[in-house]
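Sequence lines set the chain letters: A, B, ... in the order given, protein chains first and strands last, and positions in each chain run from 1.
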Amino acid sequence: MEELEVMGSEGELSSGYKLVPWSSWDQWDFVREHLFSSSPDSVAAALRRISAWRSRGSLPIPIDVTAAFVEAQQKDPFFRKGPVDDALTSEEMLASLYSMAIMRLVNCYVEHAHKKTGRSISELADAVGIPRVLVDIRHESSHRDLPSLRLVRLASMKALDWLKSNYWEPQKNAIPDVRVEIRTRLREMAYYLKIKNVKKSSLEIKGNRTKRSGLLVPCNKLSSQVAGRLHSSRSSGSGKQISRTVKIITRLYATYSLEVVSVLLELFQSQAPDFFGAGPMQHSENPDNGDSRFLAISNNTLKTIITKLSSKEPRLLLSLLKVVLEKIEAIESLRSKNEGSHVLPFQYQTEPSQVNHLCFLVSWLVTKLKASKDSGDISLINENGALSSDKNAVPKFSLQKLLRKCLTLSFLGDEYLADSVSMLLDMIEDDTQKEKLKKLILLRLQNWPTEDPMLLKEDDSIKKAAEKLEFLKQRLEKRRLKNLGSLNCDTGEASIWTVAKSWVPCPIGMVPCSFSSTAVLPILDLVDDNRLEEKTIPTDDLQLVDNHHDNDGGDSDSHDEPLLSNGRAAKKLRPSPEKVHIINLRQSPDPIEGRLLINGAWVKVSKEELVSIVTTLRSGV
Amino acid sequence: MIESDEMVGASKNGMGTSSPHVEILIPPWWAEAAEAIARAASQPPVAFICGPKNSGKSTFSRYLLNILLERYKRVGYLDTDVGQPEFSPPGCLSLHIIGENILDLMNTSLKTPERCFFYGDISSKRDPEAYLNYVFNLYDYFLKEYCSYNETENTGNSMPPLIINTPGWMKGTGFDLLVEMLRYISPTMVVKLCISTRSKNLPNGMFWFDGEQKGQTVVIDVFSAQQDSLNRSVLIQKDVRGLRDRRLFEYFKQCFPTDTNISTNKELAYALASLPPYILPFSKVKVMHLHCQVPSNEIWHSLNATIVGLAVSTDGTVMSRSTPWCVGLGIVRGVDVTEGLLYVITPVPLHYLRSVDLLLQGFVEVPTSLLQVRGCVSPYMSTNVLHRISDKDL
């Protein structure tokens, strides 16, 4: 039964837009999963999210009605496990809740057609397969007595089943898979590149052609469309096809930047020499794709693809750099954890080569970045410089953030990373910083610990850390002065309304990523207090940092206000990725309690120093 | 779906207006009625304009405004039609003090209100109590500021006349609201616009009083402007949603200098996406949901990419119910939860914004064509959405 109309054609991500209250299909799926969960807490979370959606005004009626049923069932002792406050819910009240939900369900699906066609409600309900009992209850409760609780309770189950199979399931199946689309497009491009090469070297085409058709046959619908197009356009030249595909991918990147970048990284990782086959690329994930040989896009091809894409969309390089660095960070923090407990020898052995592989990618990307800067594809702008609507303008602080990330990873002692750091420094064109940091790196490379890094070289590291802190402090001071300057203009009275200093065109509802200036979906969740406890540094530390931070702004509020919209809530957040490395270290096992991994040695760090680091990292965003 | 290239707002050359450019002819009976109001009695009139949908309330009000401006320096205009306000964006109730003639009687342009409330919906039905409260507050404000009879320096001569425009909702609660307003305001003139379909008209006489009539008020029945050969009213059907969207376009177009070359919706949408927004720390603002409850930890899911009223919570004037004055609308164009920042676009000048510390969320939707420019499609515009039962199954 296809009762519901899908907006937009299948598989295409371009047409048939409709306003929805969720910012991504992941959000929608979160609600779907939790709404039908057996845990009351999960259900409550879904209902809360739905009430936020309701406030936006574009909530699809099936979701609204489902929420009404689920909420009523949550109040009903018959469904709800555990203690229910019976005093508050009488049978009549429950029956009214159920009846109202049933009335809304029937009306929302049938009323419109009833008015238009004049056919009876029951006839129309029958046509869309709404169970008869629901129609009867609607009639009974609007014209006669309130139906019995037993009846409406039973009907509520039927109604939910109907909603599941007529809204939730079909909608779930209609969700476009962006990653699949991206992968297909990338493979398409790799394929065109291959043809081009083949043509160039004028090898025997015939043999390759048969191989090629083998490539395309097992792909999904979308790819077979591609194949169709391919046959018709073979004569028109693969160069044209390539630029067309580049256009499509950059368009995808405009909306799904994170997905594009992570698929690229995924493809790259699946090529890691010592890591092949054990990579995160799940072949079974795409059964349609058949032979895994064709998933493999060689590193060189991948580089060509990235080069081509970045000539169209230079900021791709920055977003890629960001995820690669984060990946390295993640692997390292996992490793440092495992090191403590001396387990998982397999991972321990494989990871360094993977990290090495990624570091190489970093330096390659930075080289590319430098090239596009030199050729003028990317223009670096100062933070408080003229506002530019130039699509390819990259604020300097983005590079500084990348640099900072590279530096925090420099304890790995990887030469590629060191290269990247110096290249980034060249680009930033700040001589004093450059000199200082170059020395720092040299020092670091010479002093790479040959024995157990733990507790060794503590003095040395502290010296270096002090240097680093000094550098960060200076930047902080500079920034503060700058901020003060901007606040003191006009009347002298600090307004809480300030205009963004730099901005790039960015869809409404998204914010520009501070690394790449590419639009990204903001995280809108606040983390629960109890979850916060286990994941982050102790809360009193956080409070300390935050108050410190706030005082910069000029006025301090008391910090015992738990008011949600009062900013305190904003502090109870999931730490952003760049803070994670500090936080993870703080929660490590006993021997390194109170220490920070600086340049390969676990160094005792006082609270003040930590505060200073965290503040700087934050203010740098 | 709605990627139209229509003109922003209602432009002067008539392009892009909802109906084909109709030459508005003021019928003699309108001119008579307006004259009667303008000449009436010793004190400046308080004229209450009511009548069914599309009967010409707004057009008559505008005409009356021009006529009154011939005799008075300035005229008050209390707008209670939240769906299609005269000089403000949708969702607002406002009091204007107007000193200039309206040139185009068919279209209106936005004006900065004297005082404004953000009701946050396009119909009074969701919260009639708050709605009435806003109307009464605005009227009280007008009396307090402009009609202090007792003060010698502020004589009757300087008191401006007041026009009250009302929504066309006249059934059930809509009628009750009209009655409540009439009783509270007790205008000197009530203009009832009538159409040929009698059942849709308001009852005869001073319908808002039961039983005994209380003098003073003059009721004028005015027939709608256009009629066909059989004396039936020709009602100009309006594309209400389209009008609202255009009004919002026009409003947010004010974010840019008037000489900016923005002529299509698409251009405006792209310009808004590129506009450096205001940055606002969460900690310094409160958020209030006008028509529903939102759990505290879901606030940002609720606010991102929606229209909010920008209001001042600490105004000093203590009202019976919390009724914060609104300085204008804004779009929360992004939220950065990790940094605790809100990004807001608004045409409201900075010197008004300084005091804004309260965001009011209602149900005024961002027009979808503002959210879907190529290359800048909002994440809240989604494809592959199942939305309704198709007609072929029914």
Side-chain angles (χ1 to χ4, degrees), chain A residues 3-8 13 15-20 23-24 48-49 51-52 54-58 60 109 113 117 124 127-128 167 170-171 174-176 254-255 387 389 495-500 503 505-511 521-524 526 557 564-567 569-570 573 576 621, chain B residues 1 270 272-274 276-287 289 292-302 304-306 331 333-340 343 350 353-354 361 363 365 368 370-372 375-390 393-394:
Chain A
E3 276 104 20
L4 295 153
E5 219 171 63
V6 182
M7 296 284 294
L13 295 166
S15 59
Y17 286 104
K18 196 177 186 305
L19 183 64
V20 293
S23 56
S24 70
R48 279 199 302 271
R49 179 61 46 82
S51 57
R54 205 176 277 127
S55 74
R56 306 178 58 91
S58 50
Y109 274 95
T117 63
L124 290 163
V128 279
Y167 174 73
Q171 176 64 88
I175 295 175
T255 324
L387 292 165
S389 57
S495 166
I496 56 169
W497 291 78
T498 48
V499 177
W503 194 255
C506 165
I508 288 174
M510 292 172 116
V511 286
L521 262 183
I523 299 159
L524 299 169
L526 301 177
D557 12 40
L564 57 129
S565 54
N566 200 334
L573 311 160
S576 74
V621 180
Chain B
M1 199 166 62
Y270 193 76
L272 283 177
S274 317
Y278 287 99
I279 297 178
L280 193 59
F282 293 170
S283 50
K284 302 292 163 64
V285 284
K286 288 193 201 76
V287 177
H289 298 272
C292 58
Q293 276 192 321
V294 175
S296 57
N297 49 354
E298 298 288 331
I299 273 194
W300 315 117
H301 282 278
S302 161
N304 194 19
T306 61
I331 298 176
R333 62 103 60 242
V335 180
D336 187 340
V337 175
T338 46
E339 291 297 314
Y343 297 92
L350 189 60
L353 285 178
R354 281 184 194 286
Q361 193 189 35
F363 281 119
E365 273 181 27
T368 50
L370 273 189
L371 299 175
Q372 48 175 342
C376 264
V377 180
S378 170
Y380 294 96
M381 296 304 295
S382 180
T383 56
N384 302 48
V385 181
L386 292 181
H387 68 133
R388 63 183 170 88
I389 298 169
S390 73
D393 292 315
L394 293 173

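For A:Y167 against B:L386, the heavy-atom pair with the smallest separation is O-CD1, 3.8 Å. Heavy-atom minimum distance, B:E365 versus A:S58: OE2-N, 4.1 Å. Taking all atoms of both residues into account, the shortest heavy-atom contact from B:H301 to A:A52 is CB-CB, 4.1 Å. Here the closest non-hydrogen pair linking B:F363 and A:S55 is CE2-O, 3.6 Å. Across all their heavy atoms, A:I496 and B:P281 have their closest contact at O-CD, 3.6 Å.
In this structure, B:P277 and A:V499 have side chains that are not in contact, with every pair of non-hydrogen atoms separated by 4.5 Å or more.
A:W497 places no side-chain N or O within 3.5 Å of a backbone atom of B:R354 that could act as its donor or acceptor partner. Side-chain atoms of A:R48 never come within 3.5 Å of backbone atoms of B:P295 as a donor-acceptor pair (strictly under, hydrogens ignored). At distances below 3.5 Å, at least one donor-acceptor pair connects side-chain atoms of B:S378 with backbone N or O atoms of A:I508. The main-chain N or O of A:I175 is never found under 3.5 Å from a side-chain atom of B:N384 such that the two would form a donor-acceptor pair.
With rounding to the nearest 0.5 Å, the separation of OG in B:S302 from CZ in A:R49 is 11.0 Å. With values rounded to the nearest 0.5 angstrom, B:Y380 atom OH is found 8.5 Å from A:S24 atom OG.
At a 4.5 Å heavy-atom cutoff, the contact between B:Y278 and chain A is made by backbone and side-chain atoms alike. For B:L371, the part sitting under 4.5 Å from any heavy atom of chain A is the side chain, from C-beta outward, and nothing else. Both the backbone and the side chain of A:L19 come within contact range of chain B, each with at least one heavy atom under 4.5 Å from a heavy atom of that chain. Looking at A:R54, the atoms closer than 4.5 Å to chain B (heavy atoms on both sides) all sit in the backbone: N, CA, C or O.
Chain B forms the most heavy-atom pairs under 4.5 Å with one residue out of A:V511, A:V20, A:L521, and that residue is A:V20. Between chain A and the residues B:R333, B:Q293, B:H289, B:M381, the largest count of heavy-atom pairs under 4.5 Å involves B:R333. Annotation: maximal heavy-atom pairing with chain A below 4.5 Å, among B:L370, B:L272, B:V335, B:I331, occurs at B:V335.
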### Message
Would A:Y17 and B:T368 count as a side-chain contact (heavy atoms from CB on, under 4.5 Å) here? Give the steps.
### Response
CA-CA 9 Å; A:Y17 286 104; B:T368 50; over 6 Å; no
